[in-house]
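What follows is a set of notes on a single structure, which appears directly below.
Not measured: the values here are computed from a predicted model.
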Amino acid sequence: MHDEWGPGGYRSAGAWTRPGHGPPFRATPSTPGIRGRETPSIMTERRTDATGWRSRGLGTVTIGQAGDELRLCGWVHRRRDLGGLVFLDLRDRSGILQASVGPDWSGEEAVASAGSLGAEDVVLVEGVVVPRPDDARNPDMATGEVEFQVRSLERLNRAETPVIPVYLSPEEELPSEELRLRHRVLDLRRVELQSRLASRHRMILAMRNYFDGLGFVEVETPILTKPTPEGARDFLVPSRVHPGEFFALPQSPQIYKQILMVAGFDRYFQIARCFRDEDLRADRQPEFTQIDVEASFVEEEDIYRWMEGCMADVARVMGGTAETPFPRLTHAEAMERFGIDRPDLRFDLEVRDFTPVLGALDSNILQGAVEAGGRIRGIHLPGGASLSRRQIEAIEAKAKGAGAPGLLWSKIQEGSASGPLGRFFQEDTSAALGARDGDLLLVAAGPDNVTSPALAAARMAAIESLELAPVRDHAWLWVTEFPVFEDGGDGSLAANHHPFVQPHPDDLHLLESDPLSVRGQAYDLVYNGTELGSGSIRVHDAGLQRRILGMLGLSEAEIDLKFGFLLEALKAGAPPHGGIALGVDRLVVRLAGGASLRDAIAFPKTTAARALFEGAPSPVPPVELADLGIQLMKGGGGGG
RNA sequence: GGGGCUGUAGCUCAGUUGGUUAGAGUGCCGGUCUGUCACACCGGAGGCCGCGGGUUCGAGUCCCGUCAGCCCCGCCA
């Protein structure tokens, strides 16, 4: 996009009237300096960043502007004071330009004030673009062919010495995350965050254009709403008008978008803010953004096709690749072959079932697991015998962290098997497994719900440890046929995704008799092992919906209280419908880089769910609480 | 709610076995310097060692508690 900035543009220095000390936010079209000339088109303006204050953006100045008289504005990024000659690296969002202040071309005042400028001061400079001397060009700088010879210089605003540096030397570490969040205004000036947020903007724009092109309508749903059914805690907002009653912030627009389908909106999407009052992680923020999509008279294939097209556009904008159609795995296949419902298919390493071979070995652990109804599954790592015992133990630690009692392993070296597993091997065991000299076997025995997570963790740890090369860089994947229910733990049923998933037609007859085996028309989109989002075809029959809610343990009264307005709507003639929602923040992190969601959000919360920059949340004066009919319990803070 | 890591100058970090006056780089302040781009050189200021308590003749260092940030489990799609 930026490469559209071409040479040319305005050669207009004399025509720009100096804005003097007036407010800097005068609308560009009414700026006297522009009136009377050709009004710049939006496109032209974007290409040069011209405003009433400045002729161009600093990063847009190239050799094509050599000789141009310009007025430029920006922050003092760095200053190199050579005594008689001062170099200022000036910065704005478009880039960095070296300005030079010297007695031969700068006014006395400019020379005097250039020496006293500090980092992050805001300046206005007037002067001329010149090619740099041959031996002073900087090939590492986008604008390094030229510099700006300052004739006059005005400090528009002084900046206190920044608490955290905006400019980091090549060897300098980032300031602590705490300081970066506390002084977010400075952190956001760094090019990494600026460009990532700009990428985010372009990504969202591409999504909006894409769905608009398919006839989707963006509809806004309420932020003040009713407690939603996803299962996370709601953020509650007290109602002043109705003391004792509360709104909830939406965990997602789920029910609203279904109602929009019943209302006939046919194809809906929304860039939607969602709120969940749960503890944070690197990939979880209490408020986050989803691209929320729903359509009527659709089957799963429609959703897959649309979203693949959307991801292809998004990837193009973000400089990635999304080859369509995406591969698919059923949930059962994914669990069997990778032990996880969001396998990272950049690597083709798979989990295998070793039960027939290893179950025959003379080992109490192995035989006991099989007799108890479990299996012996594991990972065969060609070349894995190069790992040290310490490295293997680190992999085992990951498996244990995922809930396994332990991992058995065997190195195959010089025709014999060693290790806690290898010592049970018989002559033909290695051959029966297809293992050769130099290989490593990692094995877990027990019920699938224990071995799967353990082997999934071991798989990724082994890949990392062996530094296996990915077989592809962008692994997009649909995981389909998620179960409708999961075990609630105490014999109860819980919704695996949410309670509105349409059961697979082939499994509908099992709903009451064997609910846990009922597959849903539910699917996740996975990218490089990250779950980007999930969706489903929804129940559109009020009776079936009521049945499912009942199976989840809700009484008729609760169903009416919580979901009455949805069931009411379904009875109004609901079309078959379905959709999906993807996490926008996660997409940005995966496609534009960044270590955590905090790097994709302008003003994120800390792990303890605080906003350090603005200082939220904060206590409120008792009188405000009284207005809301709220009294704090002891130890609950309050006051003001 | 639980576990782990971190907290020393504005910033990034070092600080030995518990031992005299807590250091470095960078930034900041003052000075010299006309082609730098991590400018260079000279000089200077700058410390509640997160906070509270304890052990000890003596604590940045050991112990307990607490606060904050980060990572993880629980929780949460």
Verify salt bridge (charged side-chain N to carboxylate O under 4.0 Å, His left out) between R586(A) and D283(A), making sure each step is shown before the conclusion. CA-CA 7 Å; R586(A) 286 187 182 180; D283(A) 60 352; 3.8 Å; yes

Is there a donor in the side chain of Y304(A) and an acceptor in the side chain of T480(A), or the other way round, less than 3.5 Å apart? no

rG27(B) phosphate, OP1 or OP2: any side-chain N/O from T161(A) under 4.0 angstrom? no

RNA chain B-proximal residues of residues 279-295 of chain A, any heavy atom under 4.0 Å: D279(A), R281(A), A282(A), R284(A)

Contact state string [nucleotides 6-15 of chain B, B base, S sugar-phosphate only, - no protein heavy atom under 4.0 Å]: ----SSS---

Does the side chain of Q65(A) pick up a donor-acceptor pair with the side chain of T62(A) at under 3.5 Å? yes

Could you please name the partner base of rA24(B), counting Watson-Crick and G-U wobble pairs only when both distances are under 3.5 Å? rU12(B)

Can you measure from CG (D277(A)) to CZ (F275(A)) and round to the nearest 0.5 angstrom? 12.0 Å

Could you measure between the two C1' atoms, the one in rA40(B) and the one in rG35(B), and give it in whole Å? 13 Å

Distance in angstrom units between D81(A) CG and rC28(B) P, rounded: 12 Å

Can you pull out the residues from residues 97-108 of chain A that lie within a 4.0 Å heavy-atom distance of RNA chain B? Q98(A), P103(A), D104(A), W105(A)

Side-chain N or O of T607(A) closer than 4.0 Å to phosphate OP1/OP2 of rC70(B): yes

